[in-house]
Amino acid sequence: MTVPAVAALHPVAGPARADGGTRRRTRPDDGWLGRTVVRARSGDEAAFCDVYRAVQPMLLRYVRGIVGDDADDVASEAWHDIVRDLATFRGDGDAFRGWAATIARHRALDHLRRAGKRPRTTALDAVPAEPAPAPDSAGVALENLSTADALALVAGLPPDQAGAVLLRVVIGLSGPAAAAVLGKRPGAVRTAAHRGLRRLAEQLAQGPAVPPPGAPGAPGAPGA
């Protein structure tokens, strides 16, 4: 299995529905993904293609939230590492998404260091526990927005909240899995995600999102 073979694939919107349509950005079933990863590890290239098609769209959105327009190149580097180290992976579908997100995050931060840039999201600061669940409505709304609009909203959050929302909503990781990616406590990640989604829910309730200053389409931006 080679990286060029992976790069030639085209990501799909999501698994097929019974009515023949597709669901936008639907997360793969963890049981199915885990079984497919096992087959891919044994050298089944068709299985790896299925893994790539299932994970690449969400992984690319996650990387774009960190590095912006360089996401395609960084995601390709991440898949190179995923292919190289796949034989060492052990775990279910949720664990695979977390493992892939960790690799992608490392490649994204390496890319930014080489470019002398700061990440659009950073590691979480310590925050007190907040037991209330994150608002589901904001996560659903983000899933229904275009990639550009959703990431523009997330980019406007404080860095700790943006990082948590990207992992919890875009990648779909559990609190502990997201915490493992970021090297932080699960409670801190859950709280940051809750606060970020609550803020996004308030913004979405107010009407169309306004791009952050300097973003394409924002007031004063080139071409605005």
Side-chain angles (χ1 to χ4, degrees), residues 1-3 5-7 9 11-16 23 25-67 71 74-111 119 121 123-124 133-134 136 139 142-143 160 162-194:
M1 189 184 308
T2 63
V3 175
V6 173
L9 295 171
V12 297
R23 290 173 291 181
R25 292 193 280 273
T26 301
R27 274 196 295 275
D29 172 79
D30 283 339
W32 171 86
L33 181 59
R35 293 188 297 272
T36 308
V37 168
V38 169
R39 297 195 343 256
R41 274 180 30 223
S42 69
D44 186 332
E45 292 200 13
F48 185 84
C49 289
D50 288 339
V51 171
Y52 177 87
R53 290 191 179 100
V55 175
Q56 166 67 355
M58 64 183 73
L59 198 70
L60 184 61
R61 295 182 80 213
Y62 173 59
V63 172
R64 183 163 285 121
I66 302 174
V67 303
V74 173
S76 293
E77 293 177 6
W79 279 105
H80 180 281
D81 291 354
I82 290 169
V83 170
R84 183 193 64 199
D85 298 335
L86 183 61
T88 69
F89 172 78
R90 298 293 184 276
D92 59 12
D94 184 60
F96 181 80
R97 285 187 283 115
W99 181 69
T102 300
I103 291 173
R105 183 170 184 269
H106 288 165
R107 296 290 73 75
L109 296 179
D110 286 346
H111 174 82
T121 62
L124 291 170
D136 290 338
L142 282 177
E143 289 294 313
D160 63 326
V165 168
L166 285 172
L167 287 172
R168 294 298 304 277
V169 176
V170 175
I171 299 294
L173 298 184
S174 63
V181 172
L182 295 170
K184 297 294 179 179
R185 294 179 294 106
V189 176
R190 284 193 297 268
T191 299
H194 169 81

What's the separation between atom [atom1] in [X] and atom [atom2] in [Y], rounded to the nearest 0.5 Å?
X	Y	atom1	atom2	result
R190	K184	CZ	NZ	15.5 Å
T88	R41	OG1	CZ	9.0 Å
I82	Q56	CD1	CD	8.5 Å
E77	I103	CD	CD1	12.5 Å
H111	I66	NE2	CD1	11.0 Å
D81	T102	CG	OG1	12.0 Å

Between the side chain of R97 and the main-chain N/O of I171, is any donor-acceptor distance below 3.5 Å?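 Yes: the side chain of R97 pairs with the backbone of I171.
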Examine distances only and state if a side-chain atom of R35 and a backbone atom of G31 form a donor-acceptor pair shorter than 3.5 Å.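 Yes; judged by distance alone, with no hydrogens or angles, the pair exists.
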Grab the two heavy atoms, one from [X] and one from [Y], that are nearest each other, plus how far apart they are.
X	Y	result
L167	A178	CD1-O, 3.8 Å
A193	A164	N-CB, 3.6 Å
A101	Y62	O-CE2, 3.7 Å

Not counting sequence neighbours, which residues clear side chain to side chain contact (heavy atoms under 4.5 Å, CB included) with A47? List them please.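 Expected list: T36, R39, A40, D44.
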Aromatic plane relationship, F89 with W99 - under 30° parallel, 30 to 60° tilted, over 60° perpendicular: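 Geometry flag for F89 against W99: tilted rings.
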